[in-house]
Amino acid sequence: MDSSMVTQIEKIKKTIPSDIRLIAVSKTMPVESIRTAYSVGIRDFAENRLQEALDKKEQLQDLSDICWHFIGHLQSNKAKRAVENFPWIHSIDSLKIAKRVNRLAEEALSAGVITQLPQVCLQVKILPDESKYGWDVDALWQDVPEIKELNSLNLRGLMAILPLGLSKHETLGAFKNVKVLGDKLRTNFGSDFNQLSMGMSGDYPLAIEAGATMIRLGTIIFGRRRNN
């Protein structure tokens with residue numbers, strides 16, 4: 001077991017309020033690292049590549065209470081397996097993929113492949129960023145009426161990844177704007193739309209200050225990402 005990782009996770013957990021959901025972003029990391037994080041009490045793990053995630057899930061079947069989160073761009077041809085294997089999908093980034101996941105979730109639930117509908121977040125670009133997927137704010141509002149009709153999605157909140165190079169002031173302001181947007185959308189999507197998945201290794205304290213309910217930490221837990 002990696003004792004330095006254990007120490008680091010324990011240190012991080014002491015700085016995070018108990019009501020914040022800590023999601024360990026384990027993409028590219030070996031299953032041994034996931035087991036180490038699990039030993040320190042982490043139960044939420046996030047992946048962004050479907051096949052890599054399924055391989056890890058297979059190897060970690062003995063850890064039956066892990067909750068898997070999909071955080072990568074979801075291609076249409078991989079949506080079925082994501083729906084069947086991930087209780088949480090944070091990266092619903094367009095109306096097209098929302099409709100597809102909705103249909104696949106309904107089919108999977110009816111067939112008994114899943115026992116509950118996936119909990120999903122809508123990925124929003126609160127600031128312009130050509131390198132990121134997701135709705136810009138105006139486009140999201142335009143699609144709200146159609147999203148509301150998707151009855152097989154358990155809409156839980158927003159996911160945001162900020163552009164690189166922002167100052168602390170700009171970062172905090174952007175996260176606060178995500179919070180404001182989420183609060184406004186709740187009047188359309190209902191009281192369960194109360195989650196904000198935002199904040200990563202470099203900015204999570206600011207995300208928490210702004211109202212994040214879930215933070216996605218990778219590098220600060222596992223170290224630098226491995227190439228694969």
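Since this is a predicted model, take the numbers as computed values, not measurements.
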For this session: Can you spot which of Ile147, Leu150, Leu104, Ile92 makes a side chain to side chain contact (heavy atoms under 4.5 Å, CB included) with Lys99?
Result: Leu150
Under 3.5 Å donor-acceptor, [X] side chain and [Y] backbone:
X	Y	answer
Thr7	Ser3	yes
Thr36	Glu32	yes
Lys27	Gly218	no
Asp203	Met200	yes
Lys56	Glu47	no
Ser201	Ile220	yes
Gln195	Thr213	no
Arg224	Thr219	no
Asn102	Ala98	no

Group every Ile, Leu, Val, Met, Phe, Trp and Tyr by side-chain heavy-atom contacts under 4.5 Å, then state whether [X] and [Y] land in the same group.
X	Y	result
Met29	Leu54	yes
Leu196	Trp88	no
Val83	Leu155	yes
Tyr204	Phe45	yes
Leu74	Ile71	no

Exercise. What residues form a side-chain contact (heavy atoms from CB on, under 4.5 Å) with Lys96, not counting sequence neighbours?
Worked result: Ser76, Ser94
For this session: Output all residues satisfying side-chain contact (heavy atoms from CB on, under 4.5 Å) with Pro17, sequence neighbours left out; order by chain, then residue number.
Result: Asp19, Ile20, Ile208
Would you give me the side-chain donor-acceptor pairs under 3.5 Å for residues 109-122, sequence neighbours excluded?
from   : atom 1 : to     : atom 2 : distance (Å)
Ser110 : OG     : Glu106 : O      : 3.0
Gln119 : OE1    : Arg156 : NH1    : 2.4

For this session: Take atom NZ of Lys80 as the centre, draw a 6.0 Å sphere, and report whether it contains more than 12 heavy atoms from other residues, nucleotides or ligands.
Result: no
Problem set entry | Phe189 atom CZ, over 12 foreign heavy atoms within 6.0 Å | yes
Rounded distance (nearest 0.5 Å) linking atom [atom1] of [X] with atom [atom2] of [Y]:
X	Y	atom1	atom2	answer
Arg186	Leu158	CZ	CG	9.5 Å
Leu164	Lys132	CG	NZ	5.0 Å
Ile215	Leu206	CD1	CG	11.5 Å

For this session: Verify side-chain contact (heavy atoms from CB on, under 4.5 Å) between Met5 and Ser33, making sure each step is shown before the conclusion.
Result: CA-CA 8 Å; Met5 184 190 300; Ser33 294; 3.9 Å; yes
Problem set entry | Salt bridge Glu209-Lys176, side-chain N to carboxylate O under 4.0 Å | no
Problem set entry | Lys/Arg-Asp/Glu bridge criterion (N-O < 4.0 Å) met for Lys125, Asp136 | no
Can a side-chain donor-acceptor contact be found between [Y] and [X] if the only test is distance below 3.5 angstrom?
X	Y	result
Ser91	Asp93	no
Arg216	Ser197	yes
Asp55	Gln51	yes

Seminar exercise, completed: Nearest heavy-atom approach of Ala210 to Phe175 is CB-CB, 3.4 Å
Problem set entry | Non-hydrogen atoms of Glu52 and Thr28 that approach each other most closely | OE2-N, 2.5 Å
For this session: Tell me, with the steps shown, if Lys14 and Glu10 meet salt bridge (charged side-chain N to carboxylate O under 4.0 Å, His left out).
Result: CA-CA 6 Å; Lys14 289 178 181 177; Glu10 290 175 338; over 6 Å; no
Problem set entry | Pair Tyr38-Asp65, side-chain contact (heavy atoms from CB on, under 4.5 Å): steps then yes or no | CA-CA 10 Å; Tyr38 180 95; Asp65 58 343; 2.5 Å; yes
